[in-house]
*Asks:* 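Would you mind keeping the following structure in view while I ask a few things?
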Amino acid sequence: MSNNTLKIAVVGGDGTGPEVTAEAVKVLKAVGKIENIEMQFDDFNIGGNRYLKTGITITDDELAALRRYSSILLGAVGHPDVPPGILEKSLLLRMRFEFDQYINLRPVKLLPGVETPLKGKGPDDIDFVVVRENTEDLYTGAGGCMKKNTPDEVATQTAIYTRKGTERCIRWAFEYCRKRNNPKGKRLTLVAKTNVLTFGHGLWKRTFDEVAAEYPDIKTDYNNVDACCMWMVKNPEYYDVIVTTNMFGDIITDLAGILQGGMGVAAGGNINPDKGGCSMYEPMGGSAPKYTGKNVINPIAAINAAAMLLEQEGYTSASQRVMKAITVVTGSKMKSQSAGKMGFSTTEVGDLVGENL
Ligand code: IPM
Ligand code: MN
């Protein structure tokens with residue numbers, strides 16, 4: 001293996017996670033052959049299953065080992081027998097924080113042949129990107145409770161915003177918007193709630209306006225988050241790139257995800273853009289226990305995540321090749337994007353993308 005080898009850590013995780021990452025790896029290997037990219041894949045056994053057996057979520061050694069990869073391909077973490085919060089906080093959020101993956105990149109693109117619940121809207125109308133801050137806000141775990149389980153219980157959950165965290169995300173979003181170079185015009189929309197969250201989102205708005213001055217080629221706009229939810233349904237074609245806070249980004253990207261065809265296709269990247277940074281790419285769907293082991297889950301989202309990985313690693317033509325192949329498969333082969341209704345099995349969908357590279 002040379003220094004140029006693209007080394008990818010694969011964390012299949014729980015439920016259908018390993019099934020979809022297997023298809024993503026299959027496609028990566030195939031595109032690597034065509035584009036002459038040397039690749040190495042290393043599997044990590046991390047997730048709810050192991051946690052149930054051993055009580056271990058992730059060890060310091062595993063974190064140290066993962067940190068050495070510039071890319072992690074994640075399937076899903078989540079197990080019906082593990083109480084909510086444990087795996088989310090000590091696995092997924094732990095990795096996002098430990099590796100300082102401060103950008104959560106969530107492209108929202110309706111592919112040909114994919115159904116959207118929006119009447120009268122097609123692939124030309126639903127094509128935007130959400131840049132979600134990924135390390136601050138309500139997610140830091142700041143807060144606590146007193147007198148738990150009594151009538152006098154007091155609970156706080158504090159949203160934390162730093163100038164540094166805000167600025168690096170906004171700056172990255174401006175750069176991304178410039179590179180994306182939307183033929184319909186470059187526009188970055190800040191989504192927040194400055195009318196109520198005057199301290200935290202005041203910081204976001206002031207930072208946004210300051211940084212915007214350095215990007216005169218990009219039009220800017222501001223939406224309150226509640227209004228954004230209405231516009232996104234009514235006029236999705238308005239958006240080019242959205243930049244937003246962690247919590248609001250979480251919520252609006254589920255709405256956006258369903259507009260682009262749902263969890264079978266939506267993917268996200270948890271990106272540390274700094275030199276030597278470790279990033280993690282994942283399908284947005286969960287572990288889907290009821291479909292596990294049946295070879296019926298849709299692997300397109302995981303393959304989308306793999307295309308994003310290639311793009312961020314600088315393999316633009318390989319990434320575009322994968323995206324084109326996905327488009328052929330959704331546009332002219334698959335019957336539906338829902339698990340069990342695709343007209344093909346999970347492995348067949350992966351094969352089809354591979355054959356169309
Ligand atoms: C997501 C998920 C996570 C989040 C959960 C599982 C912690 O909903 O990736 O959007 O809230 O970020
Ligand atoms: Mn979410």
Side-chain angles (χ1 to χ4, degrees), residues 11-17 20-21 24 46-49 51 57-58 63 66 71-108 128-143 157-161 165 169 191-192 225 228-229 232 242-272 278-289 297-298 300-302 304-306 308-309 312:
V11 180
D14 299 314
T16 51
V20 296
T21 49
I46 294 167
N49 272 321
Y51 173 74
T57 49
I58 192 164
L63 283 168
L66 285 169
S71 291
I72 302 170
L73 191 62
L74 178 70
V77 288
H79 197 291
D81 301 337
V82 181
I86 295 178
L87 298 172
E88 289 85 345
K89 277 175 128 173
S90 54
L91 255 179
L92 187 62
L93 297 181
R94 178 105 191 265
M95 287 195 278
R96 287 179 183 170
F97 290 152
E98 288 265 350
F99 304 146
D100 203 17
Q101 295 164 339
Y102 57 88
I103 300 297
N104 194 324
L105 181 64
R106 297 191 160 175
V108 184
F128 61 94
V129 177
V130 179
V131 176
R132 165 188 175 191
E133 199 289 320
N134 212 28
T135 55
E136 302 197 335
D137 199 1
L138 286 165
Y139 279 77
T140 57
Q157 194 91 47
T158 308
I160 291 179
Y161 308 96
C169 175
V191 170
V225 64
C228 167
C229 291
M232 201 182 272
I242 288 174
V243 64
T244 190
T245 56
N246 203 348
M247 187 77 253
F248 289 170
D250 177 45
I251 299 166
I252 67 169
T253 54
D254 264 31
L255 173 59
I258 203 72
L259 303 186
Q260 71 171 127
M263 293 304 144
V265 290
N270 301 275
I271 298 172
N272 177 332
C278 166
S279 301
M280 178 164 75
Y281 303 86
E282 53 177 336
M284 265 170 60
S287 56
I297 196 77
N298 189 349
I300 291 290
N304 254 330
M308 202 189 303
L309 183 160
Q312 292 299 320

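Counting starts at 1 for both ligands and their atoms, in listed order. Numbering of residues begins at 1 and proceeds along the displayed sequence.
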*Asks:* For Gly78, does its backbone N or O pair with a side-chain atom of Ser287 as donor and acceptor, under 3.5 Å?
*Replies:*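 Judged by distance alone, yes, a pair lies under 3.5 Å.
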
*Asks:* Leaving out waters, which are not shown anyway, how many protein N, O or S atoms lie closer than 2.8 Å to the Mn ion (ligand 2)?
*Replies:*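 That number is 1, waters not included.
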
*Asks:* Report yes if the side chains of Val225 and Ile251 come closer than 4.5 Å at any heavy-atom pair, otherwise no.
*Replies:* no

*Asks:* Out of Arg96, Arg94, Met95, which one pairs with Glu98 under the side-chain contact (heavy atoms from CB on, under 4.5 Å) rule?
*Replies:*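 Looking at Arg96, Arg94, Met95, the match for Glu98 under the side-chain contact (heavy atoms from CB on, under 4.5 Å) is Arg94.
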
*Asks:* Would the distance check show the side chain of Asp137 and the main-chain N or O of Thr245 forming a donor-acceptor pair, the cut-off being under 3.5 Å?
*Replies:* no

*Asks:* May I have all residue pairs that pass side-chain hydrogen bond (donor to acceptor under 3.5 Å, both in side chains) and include part of residues 99-108, sequence neighbours excluded?
*Replies:* Asp100-Arg168, Tyr102-Asp274, Asn104-Arg106, Asn104-Asn134, Asn104-Asn270, Arg106-Thr253

*Asks:* Just verifying a value: how many Å separate Glu282 CD and Leu73 CG, rounded to the nearest 0.5 Å?
*Replies:*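 Glu282 CD to Leu73 CG: 10.0 Å, rounded to 0.5 Å.
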
*Asks:* Which distance, rounded to the nearest 0.5 Å, do you find between the CG of Asn246 and the SG of Cys169?
*Replies:*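 Asn246 atom CG to Cys169 atom SG measures 9.0 Å (nearest 0.5 Å).
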
*Asks:* Got a sec, which residues hit ring pair (Phe, Tyr, Trp, His ring centres under 6.0 Å) with Phe248, two or more places apart in sequence or on another chain?
*Replies:* His201

*Asks:* Which residue in the set Val82, Thr57, Leu74, Ile86 passes side-chain contact (heavy atoms from CB on, under 4.5 Å) when paired with Leu91?
*Replies:*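 Going through the options one by one, the only one that passes is Thr57.
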
*Asks:* Enumerate, one pair per line, all nitrogen or oxygen atoms of ligand 1 lying under 3.5 Å from a protein nitrogen or oxygen, stating the separation to 0.1 Å; write 'none' if no such pair exists.
*Replies:*
residue: ligand 1; atom: 8 (O); partner: Asp250; partner atom: OD1; Å: 3.3
residue: ligand 1; atom: 9 (O); partner: Arg96; partner atom: NH2; Å: 2.7
residue: ligand 1; atom: 9 (O); partner: Arg106; partner atom: NH2; Å: 2.8
residue: ligand 1; atom: 10 (O); partner: Arg106; partner atom: NH1; Å: 3.1
residue: ligand 1; atom: 10 (O); partner: Arg106; partner atom: NH2; Å: 3.1
residue: ligand 1; atom: 10 (O); partner: Arg132; partner atom: NH1; Å: 3.4
residue: ligand 1; atom: 10 (O); partner: Asp250; partner atom: OD1; Å: 2.9
residue: ligand 1; atom: 11 (O); partner: Tyr139; partner atom: OH; Å: 2.6
residue: ligand 1; atom: 11 (O); partner: Asp250; partner atom: OD1; Å: 3.4
residue: ligand 1; atom: 12 (O); partner: Arg96; partner atom: NH1; Å: 2.7
residue: ligand 1; atom: 12 (O); partner: Arg132; partner atom: NH1; Å: 3.3
residue: ligand 1; atom: 12 (O); partner: Arg132; partner atom: NH2; Å: 2.8

